Amino acid sequence: MGARKLLYLIEDDADIRNLVRTVLEGYGYEVQAFGSGRDARAAIRRQAPELCLVDLGLPDMDGLTLVRELWGDVRFGVIILTGRGGVSDRVLGLELGADDYIVKPFEPRELVARINSVIRRREQLAGAGAAADNQRARFGEWVFDPGNLTLVADDGHQESLTAAEAGLLQALLRSPKRVLSREQLQGADSERDDFPYDRSIDVRISRIRKKIERDAKSPRLIKTVYGAGYLFTAEVSWL
């Protein structure tokens with residue numbers, strides 16, 4: 001068996017922290033738990049985990065602030081674990097770059113399934129980037145590298161993607177000039193079961209647009225086809 005995957009659990013409630021840690025260790029993960037954002041930051045500087053589970057109600061900072069800081073680090077995934085169940089909070093969490101959003105109370109098996117899904121998606125993207133002969137995609141002024149979840153512009157400017165964003169972009173790049181429905185794009189992560197009237201696809205498309213479009217409010221590369229889905233309009237070449 002390989003080494004156990006390292007997770008960081010950032011949760012201020014000691015009872016919940018101990019419960020979640022026990023559950024995850026029972027499923028074979030190595031878990032380091034922290035009661036504050038400051039302690040988690042220090043640990044990340046020493047060693048990056050596979051994934052961070054972040055509670056939003058931290059004692060020393062708002063968890064969304066920490067999520068905003070963490071999303072740009074492509075070394076690990078981020079899942080929000082919180083009692084805030086409102087749609088606005090979920091959308092905001094996804095907009096800030098979280099890979100997933102789980103509301104307390106939760107079923108342990110669901111938590112483990114979501115963690116596995118995020119880690120597996122990141123590994124699949126990295127593996128595809130490392131193994132494929134044509135691993136990078138060029139479109140417009142950008143080159144997308146799924147191996148390290150980055151976009152690099154011709155002028156050297158670089159943007160980081162979450163695994164979820166990279167998966168969506170890769171799906172669009174594999175089918176340029178073809179309308180893909182939300183259901184098809186959701187199929188890039190078929191194990192997901194998002195909240196009703198799923199907004200995760202729309203939120204992540206919006207985030208991708210902000211990174212690749214010159215004017216995200218008038219997108220030219222990723223068009224919305226109302227009632228049908230999304231269309232990637234540019235020519236794509238694989239390098």
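Being a predicted model, the structure only gives us computed values, none of them experimental.
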Give, for atom CD1 of I222 and atom CG of L172, the distance between the pair rounded to the nearest 0.5 Å.
5.5 Å

Any side-chain heavy-atom pair of T22 and V31 under 4.5 Å
no

Hey, does Y230 have a side-chain heavy atom less than 4.5 Å from the side chain of L168?
no

In the structure I gave you, are the side-chain heavy atoms of Y101 and L56 within less than 4.5 Å of one another anywhere?
yes

I need the L6 CG to R4 CZ distance, nearest 0.5 Å.
9.5 Å

Would the distance check show the side chain of R138 and the main-chain N or O of S237 forming a donor-acceptor pair, the cut-off being under 3.5 Å?
no

For residues V152 and D145, determine if any side-chain heavy atom of one lies less than 4.5 Å from a side-chain heavy atom of the other.
no

Is there a side-chain contact between P219 and L221, using heavy atoms and a 4.5 Å cut-off?
no

Following the transitive rule for hydrophobic clusters with a side-chain heavy-atom cut-off under 4.5 Å over Ile, Leu, Val, Met, Phe, Trp and Tyr, establish whether V103 and I79 coincide in one cluster.
no

R114 with D100: basic N within carboxylate O range, under 4.0 Å
yes

If we only count heavy atoms from C-beta on, is the H157 to E141 side-chain gap below 4.5 Å?
no

Does the distance from a Lys or Arg side-chain N to an Asp or Glu carboxylate O, for E159 and R207, drop under 4.0 Å?
no

Side chain R209, main chain S218, donor-acceptor under 3.5 Å:
no

Do F76 and I119 sit in one hydrophobic cluster, given that two such residues count as connected whenever their side-chain heavy atoms are within less than 4.5 Å of each other, even indirectly?
no

Rounded to the nearest 0.5 Å, what separation is found between the CG atom of L231 and the OG atom of S175?
10.5 Å

Between the side chains of D39 and Y8, does any donor sit under 3.5 Å from an acceptor?
no

Sidechain-backbone polar pair: E213 side chain, R220 backbone, donor-acceptor under 3.5 Å:
yes

Do I115 and L24 touch side chain to side chain, with heavy atoms closer than 4.5 Å?
yes

Any salt bridge linking D55 with K104? Criterion: basic side-chain nitrogen under 4.0 Å from a carboxylate oxygen.
yes

Using side chain to side chain contact (heavy atoms under 4.5 Å, CB included), reason through V78 and T162 one step at a time and then give a plain yes or no.
CA-CA 9 Å; V78 178; T162 68; over 6 Å; no

Under a 4.0 Å threshold between the charged nitrogen and the carboxylate oxygen, would E235 count as salt-bridged to K177?
yes

If you round to the nearest 0.5 Å, how far is CD of E30 from CZ of R21?
9.0 Å

Are K211 and W142 close enough that some pair of their side-chain heavy atoms sits under 4.5 Å apart?
no

Say you draw a straight line from CD1 of I102 to CG of L111; how long is it, rounded to the nearest 0.5 Å?
4.5 Å

Working to the nearest 0.5 Å, report the span between OG of S36 and CZ of R41.
9.0 Å

When you group the ILVMFWY residues by side-chain heavy-atom contacts below 4.5 Å and let the links chain together, are I205 and F139 in the same group?
yes

